[in-house]
Amino acid sequence: MNSGCVEEIVIVGGGLAGASAACILAEAGRPVLLLERDAEPRHKVCGEFLSIEAQTYLARLGVDLDGLGASRISRLRLVRKRGATEVCLPFVARGLSRKVLDEALLFQARSRGARIVRGEPVRSISVDRSAAQIEVDAGGPIIADSVFLATGKHDVRGVKRPTANTTGDLIGFKLHYRLTDDQQRALQSFVEVILFSGGYAGLQMIEQDIANLCLVVSRQRFEELGRRWDPLIADMADECPHLAERLQGAQPLYTRPLSIFQIPYGFLHAPDESEPQGLYRLGDQVGVIPSFTGEGTSIALHSGCLAAAIHLSHGRASSIFHHRVRSDIRRSIRLASTLNRVVRHAAGQQAAFHLSRIWPDAMRHVTTLTRVQEIAMTRALTAS
Ligand SMILES: Cc1cc2nc3c(=O)[nH]c(=O)nc-3n(C[C@H](O)[C@H](O)[C@H](O)COP(=O)(O)OP(=O)(O)OC[C@H]3O[C@@H](n4cnc5c(N)ncnc54)[C@H](O)[C@@H]3O)c2cc1C
């Protein structure tokens, strides 16, 4: 990294939001520097469920999900205690690990001419009326005309999100498993949403016959269980024989689950007139939708593509982007946050499960209403 260099556009964070913006900007011939904290590809806490909207963006950006071996998911099974109910999804979803997916998108950005520097955490950012100053470990500050903040759930000093009013008491976990052949067959083409005391889990196949178990649990429940993974899984399996059956004889593929604390579900960036121009907030930095919707990645991709398109036509006028993206994702985040509050509690879980039994299409409606709408996608895709 050169010390004290001057750049036109710097993207901070090489997840789906940052890499998608890098693809569009580089494709249009703009000089882009992307700084990614991690030196190597790594697993991330995520259910790894790709909705049809996420797939549309990924296809536009050149990512070949078939070539990467993504699984196909056409049905949803809702499981609670000893009961289960099923419905067809309104689309065929895909399952692919974030380690493979994020790398494939970064590859697309690089091949379009974006400069990608890995192992470079940004320490702080300050933005004034004319430029942004980005502090990194190696060398002096980078001065950028515009900065795209795409650091996911991690805040950066100087540009932190105000997340005080969000649901911050949920903890996310993820672990990949090799299931027995019988259980793999039983899970094939399903995403299973499992409701349990204090949280919910998603289980589905991804590439190479791997199953992903991803869950969120309240901090209180996790503390009651001694703040340890094994008792948590044992307790869930006790409550839900279906999960016990799935995990019987399963081999965990890493020694400990990945975890993430204080997920600010429901966060939605509120544009403010005093906010400096030239700072574009993408992905989880602009809005965090509860995980059970499986829509976080499409919001990340939508915001990345839309921000790049607006930058190409309006330059540093980031407030245009923030107003637009807020109106595109507000309804989904609000509805999902309300449902998230409901399914965290036993009575809410029971009511949701009962409703889905007597009216299975309710689940289909939820999966439709919490998605990025087609009109918003068309705007982002045609502009880019
Ligand atoms: C439990 C859980 C389950 C989920 N399941 C699903 C699902 O099944 N389907 C779905 O669509 N969505 C799901 N999501 C949501 C989805 O994972 C996120 O919305 C999505 O990853 C956001 O993308 P992003 O690019 O904003 O952030 P990220 O993917 O987190 O990428 C941010 C990048 O920035 C880098 N970074 C961070 N700080 C710095 C720094 N200071 N300097 C440089 N780089 C930095 C990180 O290393 C990372 O690579 C889930 C989320 C959770 C918590």
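Bear in mind the structure is a predicted one, so any value in this text is a computation, not a measurement. Atoms within a ligand are numbered from 1 in the order they appear, just like the ligands themselves.
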Which atoms of ligand 1 are found less than 4.0 Å from any heavy atom of [X]?
X	value
D38	47 (O)
P121	42 (N)
V12	42 (N), 43 (C)
F49	7 (C), 8 (O), 9 (N), 10 (C), 11 (O)
G283	26 (O)

Hey, is [X] touching ligand 1 through its side chain, its backbone, both or neither, going by heavy atoms under 4.0 Å?
X	answer
E295	backbone
A300	side chain
R42	side chain
L35	backbone
A150	backbone

Backbone or side-chain N or O of [X] under 3.5 Å from ligand 1 N or O:
X	answer
V156	no
A17	yes
L282	no
T297	yes
C46	no
R37	yes
S298	no
E48	yes
I260	no
G18	no

Ion pair [X]/[Y], N-O distance below 4.0 Å:
X	Y	result
R178	D209	no
E86	R77	yes
K174	E48	yes
D145	R30	no
R219	D169	no
D66	R94	yes

If we ignore hydrogens and angles and just use 3.5 Å, is the side chain of N212 paired with the main-chain N or O of Q204 as donor and acceptor?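 Not a single qualifying donor-acceptor pair exists.
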Okay, side chain of Q349, backbone of V343: is any donor-acceptor separation there less than 3.5 Å?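 Judged by distance alone, yes, a pair lies under 3.5 Å.
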Looking only at protein heavy atoms, identify the closest one to [atom] and say how far it is in Å.
atom	value
atom 15 (C) of ligand 1	G296 CA, 3.8 Å
atom 34 (O) of ligand 1	G13 CA, 3.3 Å
atom 30 (O) of ligand 1	G152 CA, 3.7 Å
atom 49 (O) of ligand 1	E36 OE1, 2.8 Å
atom 18 (C) of ligand 1	D284 OD2, 3.5 Å
atom 40 (C) of ligand 1	V122 N, 3.7 Å
atom 2 (C) of ligand 1	S291 OG, 3.2 Å
atom 5 (N) of ligand 1	G47 N, 2.7 Å

Following the transitive rule for hydrophobic clusters with a side-chain heavy-atom cut-off under 4.5 Å over Ile, Leu, Val, Met, Phe, Trp and Tyr, establish whether L369 and L76 coincide in one cluster.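 Yes, L369 connects to L76 through the hydrophobic network.
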Surrounding CD of E224 (heavy atoms of other residues, nucleotides or ligands, distance under 6.0 Å), is the total greater than 12?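 More than 12 within 6.0 Å, yes.
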Tell me, yes or no, whether the heavy-atom count around Q248 atom CD, taken from other residues, nucleotides or ligands under 6.0 Å, exceeds 12.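 Not more than 12 within 6.0 Å, no.
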Closest approach of [X] and [Y], non-hydrogen atoms and distance?
X	Y	value
F196	V216	CZ-O, 3.6 Å
A186	R246	CB-NH1, 3.5 Å
Q108	G62	NE2-O, 3.1 Å
G15	E36	N-OE1, 4.2 Å

Would you please indicate yes or no on a ring centroid separation below 6.0 angstrom for F222 and F173?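 Yes - the distance between ring centres of F173 and F222 falls below the 6.0 Å cut-off.
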Would you tell me whether S298 and E295 have side-chain atoms, one donor and one acceptor, within less than 3.5 Å of each other?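 There is such a pair (donor and acceptor under 3.5 Å, judged by atom type) between the side chains of S298 and E295.
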Tell me the nearest of R98, K44, E120, Q285 to atom 20 (C) of ligand 1, using heavy-atom distances.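 Ranked by closest heavy atom to atom 20 (C) of ligand 1, first place is R98.
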Strictly under 4.0 Å, does any heavy atom of C214 approach an atom of ligand 1?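 True for this residue.
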